[in-house]
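What follows is a short report on a single structure.
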Amino acid sequence: MGWISLAFGVLSWICLLVSVGGIGANWGTQASHPLPPTTVVRMLKENGFQKVKLFDAEEGTMSALRKSGLEVMVGIPNDMLAMLATSMKAANNWVSKNVSAYINDGVNIRYVAVGNEPFLQTYNGSFLQTTFPALQNIQGALIKAGLSNQVKVTTPQNADVYASPSGRPSDGDFRSDIRDLMLAIVKFLNDNAAPFTVNIYPFISLYSDPNFPVDYAFFEGSSSAVVDGSVTYSNMFDANLDTLVWAMKKNGFPNLPIIVGEIGWPTDGDMNANVQYAQKFNQGFMNHISTGQGTPMRAGPIDAYLFSLIDEDEKSIQPGNFERHWGIYTYDGWPKYQLNLGMTKTGALLRANNIQYLDKKWCVLKPSVNLDNSKVAPSISYACANADCTSLGYKTSCGDLDARGNISYAFNSFYQKNDQDDVACGFENLATTTNKDPSTGTCRFGVMIIADSGIRYQGAGLILSVLLSLFLTLF
């Protein structure tokens with residue numbers, strides 16, 4: 001009967017590919033030591049990703065995607081919206097440089113994402129006047145370039161642009177303060193056969209509301225299901241997406257295509273951000289969409305991009321320390337957990353190959369240093385302000401470290417980020433290097449990779465090290 005099991009397994013794999021329509025990944029580059037773009041493209045292809053979503057049009061990234069076969073959604077950052085909104089010439093130039101030129105060179109660009117969550121409430125309306133005009137001008141530029149049938153515009157929105165006062169999807173509508181603007185954008189997308197892109201994050205709901213039912217964030221059934229007429233929602237994703245579907249339907253746009261631009265779960269930086277929950281959520285999501293059934297209000301395959309591919313140690317942590325830990329891969333290209341995307345023969349993520357590391361040495365607090373030393377506190381503050389200490393804290397991966405371990409972690413983070421520069425392990429003679437890995441349990445004291453010279457600003461480590469010396473002389 002072995003051949004029957006094999007045939008069933010192959011059939012299941014094919015069904016996953018067909019029903020999902022190819023899962024995509026968000027590729028962010030806010031990292032001090034990014035992996036070489038060619039390595040990342042190889043990772044994407046070897047793991048069966050068929051689509052990639054970018055947040056800008058960085059030359060090294062775009063060049064690596066040439067003739068890769070990957071469908072590309074290229075992004076326009078929010079800080080460019082004002083220029084593109086007020087200048088058709090700027091829009092034409094942007095499309096010529098970042099779309100036409102790369103398509104002619106073999107990059108399979110399918111979408112232009114104009115802005116990223118520009119109407120997020122925390123932005124306090126900063127992009128309300130510029131997003132739609134920029135969207136219109138980019139569409140005009142695509143038409144002028146003869147690409148409007150091949151490349152579609154969209155504008156990724158956070159799920160906070162719509163809501164339901166009752167919590168039932170059927171009561172969903174666009175946020176009252178931007179409703180007219182949202183309807184204008186939706187009509188424009190509909191008129192141009194372009195999709196609506198939304199980012200959905202059950203984790204954020206759990207992070208923001210201590211009373212949010214944990215099981216409702218996942219896909220294994222919930223004791224806190226939402227009943228909406230004849231429909232029962234047992235997970236937040238379906239309910240959230242259908243709230244958007246209802247908002248569009250009741251305003252006259254029942255069939256506008258929807259792309260889930262970002263969905264995922266972080267692995268560190270918060271008590272609910274861990275490997276176990278991330279694996280449970282992302283695998284649950286993949287299993288959920290593999291049926292091809294869609295949601296109660298929107299049947300059919302779901303077009304989605306996992307957020308994100310790789311951790312980024314220079315992302316803003318204003319929303320929370322978890323922001324630097326969304327990746328399904330670590331900074332050096334290692335899978336964080338088992339995740340079957342239905343795309344590889346092994347049913348597991350494949351790691352990046354041929355990664356080069358700095359020497360196997362770490363910077364730690366000297367055993368002889370007293371914790372009461374007046375230079376310790378400012379040294380920790382400086383190290384964490386200029387490196388990444390988001391794995392430290394309550395119920396994080398390094399939450400079990402003692403005081404000396406926390407200090408050593410901070411020192412090592414700064415040391416590695418500055419390419420193991422000797423000066424970066426000084427801290428007024430508080431620190432020393434060691435060849436013994438101080439990692440403990442779930443807490444990894446990393447050794448930095450050799451950054452791609454085509455992306456990273458060379459000399460940054462030395463500059464920070466010099467600043468460290470100047471800073472500590474003040475204490």
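Just so you know, residue 1 is the first one in the sequence shown, and it goes up from there.
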Query raised in the report: Quick check: does any side chain N or O of Gln279 sit under 3.5 Å from a backbone N or O of Gln338, one acting as donor and the other as acceptor?
Result: yes

Requested in this report: Return the minimal non-hydrogen interatomic distance between Thr154 and Leu135, and the atom names on each side.
Outcome: O-CD1, 3.8 Å

Query raised in the report: Side chains of Phe119 and Asn158: closer than 4.5 Å at any heavy-atom pair?
Result: no

Query - Closest heavy-atom pair and its distance - Pro210, Ser208 - result: CD-O, 3.8 Å

Query raised in the report: More than 12 non-hydrogen atoms from neighbouring residues, nucleotides or ligands closer than 6.0 Å to CG on Asp400, yes or no?
Result: no

**Report entry** Side chain Ser408, main chain Leu365, donor-acceptor under 3.5 Å
**Finding:** yes

Query raised in the report: Are the side chain of Asp359 and the backbone of Lys361 linked by a donor-acceptor contact shorter than 3.5 Å?
Result: no

**Report entry** Check against side-chain contact (heavy atoms from CB on, under 4.5 Å), Arg404 and Lys366
**Finding:** CA-CA 9 Å; Arg404 304 189 74 88; Lys366 285 182 177 180; 5.9 Å; no

Query raised in the report: Is the distance between the ring centroids of Tyr415 and Phe411 less than 6.0 Å?
Result: no

Query raised in the report: Does any donor atom in the side chain of Asp171 or Ser164 lie under 3.5 Å from an acceptor atom in the other side chain?
Result: no

**Report entry** Main-chain N/O of Tyr382 paired with Asn386 side-chain donor or acceptor, under 3.5 Å
**Finding:** yes

Report task. Apply side chain to side chain donor-acceptor pair (under 3.5 Å) to Asn321 and Thr390, showing your working. Result -> CA-CA 5 Å; Asn321 285 346; Thr390 55; 5.8 Å; no

Query raised in the report: If you look only at pairs with a residue in residues 387-397, which of them pass as a salt bridge (charged side-chain N to carboxylate O under 4.0 Å, His left out), with sequence neighbours excluded?
Result: Arg324-Asp388

Report task. Give a yes or no on whether the backbone of Tyr277 and the side-chain of Asn274 come within a donor-acceptor separation of less than 3.5 Å. Result -> yes

Query raised in the report: Among side-chain atoms of Tyr357 and Asp332, is any donor-acceptor pair under 3.5 angstrom?
Result: yes

Query raised in the report: Going through the distances and angles, do Ile302 and Val260 end up as a side-chain contact (heavy atoms from CB on, under 4.5 Å)?
Result: CA-CA 8 Å; Ile302 291 175; Val260 180; 4.1 Å; yes

Query raised in the report: Going by the angle between their ring planes, with limits at 30° and 60°, are Trp326 and Tyr201 parallel, tilted or perpendicular?
Result: tilted

Query - Main-chain N/O of Asn340 paired to Gln283 side chain as donor or acceptor, under 3.5 Å - result: yes

**Report entry** ring pair (Phe, Tyr, Trp, His ring centres under 6.0 Å) partner of Trp265, the single match among Tyr337, Phe203, Phe307
**Finding:** Phe203

Exercise answer: donor-acceptor pairs, residues 39-47 side-chain atoms, under 3.5 Å, sequence neighbours excluded:
{"unit_1": "Lys45", "atom_1": "NZ", "unit_2": "Ser68", "atom_2": "O", "d": "3.1"}
{"unit_1": "Asn47", "atom_1": "OD1", "unit_2": "Tyr329", "atom_2": "OH", "d": "3.2"}
{"unit_1": "Asn47", "atom_1": "OD1", "unit_2": "Leu350", "atom_2": "N", "d": "2.6"}
{"unit_1": "Asn47", "atom_1": "ND2", "unit_2": "Met43", "atom_2": "O", "d": "2.8"}
{"unit_1": "Asn47", "atom_1": "ND2", "unit_2": "Tyr329", "atom_2": "OH", "d": "2.8"}
{"unit_1": "Asn47", "atom_1": "ND2", "unit_2": "Leu350", "atom_2": "O", "d": "3.3"}

Requested in this report: Please determine if Lys280 forms a cation-pi arrangement with Phe218, meaning its NZ or CZ atom is less than 6.0 Å from the six-membered ring centre and no more than 45° off the ring axis.
Outcome: yes

Query raised in the report: So, Lys53 versus Asn26: side-chain donor-acceptor pair below 3.5 Å or not?
Result: yes

Query raised in the report: Got more than 12 heavy atoms from elsewhere within 6.0 Å of NZ, Lys249?
Result: no

Requested in this report: Find out whether Gln420 and Gln416 are in side-chain contact, i.e. whether some heavy atom of one side chain is under 4.5 Å from a heavy atom of the other.
Outcome: yes

Requested in this report: Would you please test His33 and Asp419 for side chain to side chain donor-acceptor pair (under 3.5 Å) and show each step?
Outcome: CA-CA 9 Å; His33 292 65; Asp419 301 314; 2.6 Å; yes

Requested in this report: Compare all side-chain heavy atoms of Asp56 with those of Thr29 and state whether any distance is below 4.5 angstrom.
Outcome: yes

Query raised in the report: Are side-chain N/O atoms of His288 and Asp238 paired as donor and acceptor at under 3.5 Å?
Result: yes

Query raised in the report: What's the verdict on side-chain contact (heavy atoms from CB on, under 4.5 Å) for Leu358 and Ile449, showing C-alpha distance, side-chain angles and the deciding distance?
Result: CA-CA 6 Å; Leu358 301 175; Ile449 63 173; over 6 Å; no

Query - Backbone of Gly60 reached by a side-chain donor or acceptor of Glu58 within 3.5 Å - result: yes

Report task. May I ask you to decide if the ring planes of Phe196 and Phe174 are parallel, tilted or perpendicular, using 30° and 60° as cut-offs? Result -> tilted

Query raised in the report: Going by distance alone, is a donor N or O of one side chain under 3.5 Å from an acceptor N or O of the other, for Lys336 and Thr267?
Result: yes

Report task. Please work out which of the three classes, parallel, tilted or perpendicular, describes the rings of Tyr409 and Phe445, given edges at 30° and 60°. Result -> perpendicular

Query - Any donor-acceptor pair under 3.5 Å from Arg175 side chain to Asp160 backbone - result: yes

Requested in this report: Please check if any side-chain donor atom of Gln157 sits under 3.5 Å from a side-chain acceptor atom of Asn199, or the reverse.
Outcome: no

Query raised in the report: Can you find a pair of side-chain heavy atoms, one from Leu70 and one from Asn108, that are under 4.5 Å apart?
Result: no

Query raised in the report: Are the side chains of Ile259 and Met73 in touch, meaning some heavy atoms are under 4.5 Å apart?
Result: yes

Query raised in the report: Does the side-chain contact (heavy atoms from CB on, under 4.5 Å) test come out yes or no for Phe237 and Ile263, once each step is laid out?
Result: CA-CA 9 Å; Phe237 172 78; Ile263 186 166; 3.5 Å; yes

Query raised in the report: Do Leu392 and Leu401 have side chains that get closer than 4.5 Å, going by heavy atoms?
Result: yes

**Report entry** Distance-minimising heavy-atom pair for Met236 and Ser205
**Finding:** CE-OG, 3.0 Å

Report task. Would you check if Met286 and Leu341 make a side-chain contact, meaning some heavy-atom pair closer than 4.5 Å? Result -> yes

**Report entry** CG (Asn353) with more than 12 external heavy atoms under 6.0 Å
**Finding:** yes

Requested in this report: Mark yes or no for whether Asp311, through its side chain, and Gly327, through its backbone, hold a donor-acceptor pair below 3.5 Å.
Outcome: yes

Query raised in the report: Quick one: do the Ser391 and Asp268 side chains pair a donor with an acceptor below 3.5 Å?
Result: yes

**Report entry** Flag, side chain of Asn412 to backbone of Cys363, donor-acceptor distance under 3.5 Å
**Finding:** yes

Query - Side-chain heavy-atom pair Asn78, Tyr123 within 4.5 angstrom cut-off - result: yes

Query raised in the report: What heavy-atom pair brings Phe281 and Gly264 nearest, and what distance separates the two atoms?
Result: CE2-O, 3.7 Å

Report summary line: side chain to side chain donor-acceptor pair (under 3.5 Å) filter on Asp242, not counting sequence neighbours, yields Tyr233, Thr295

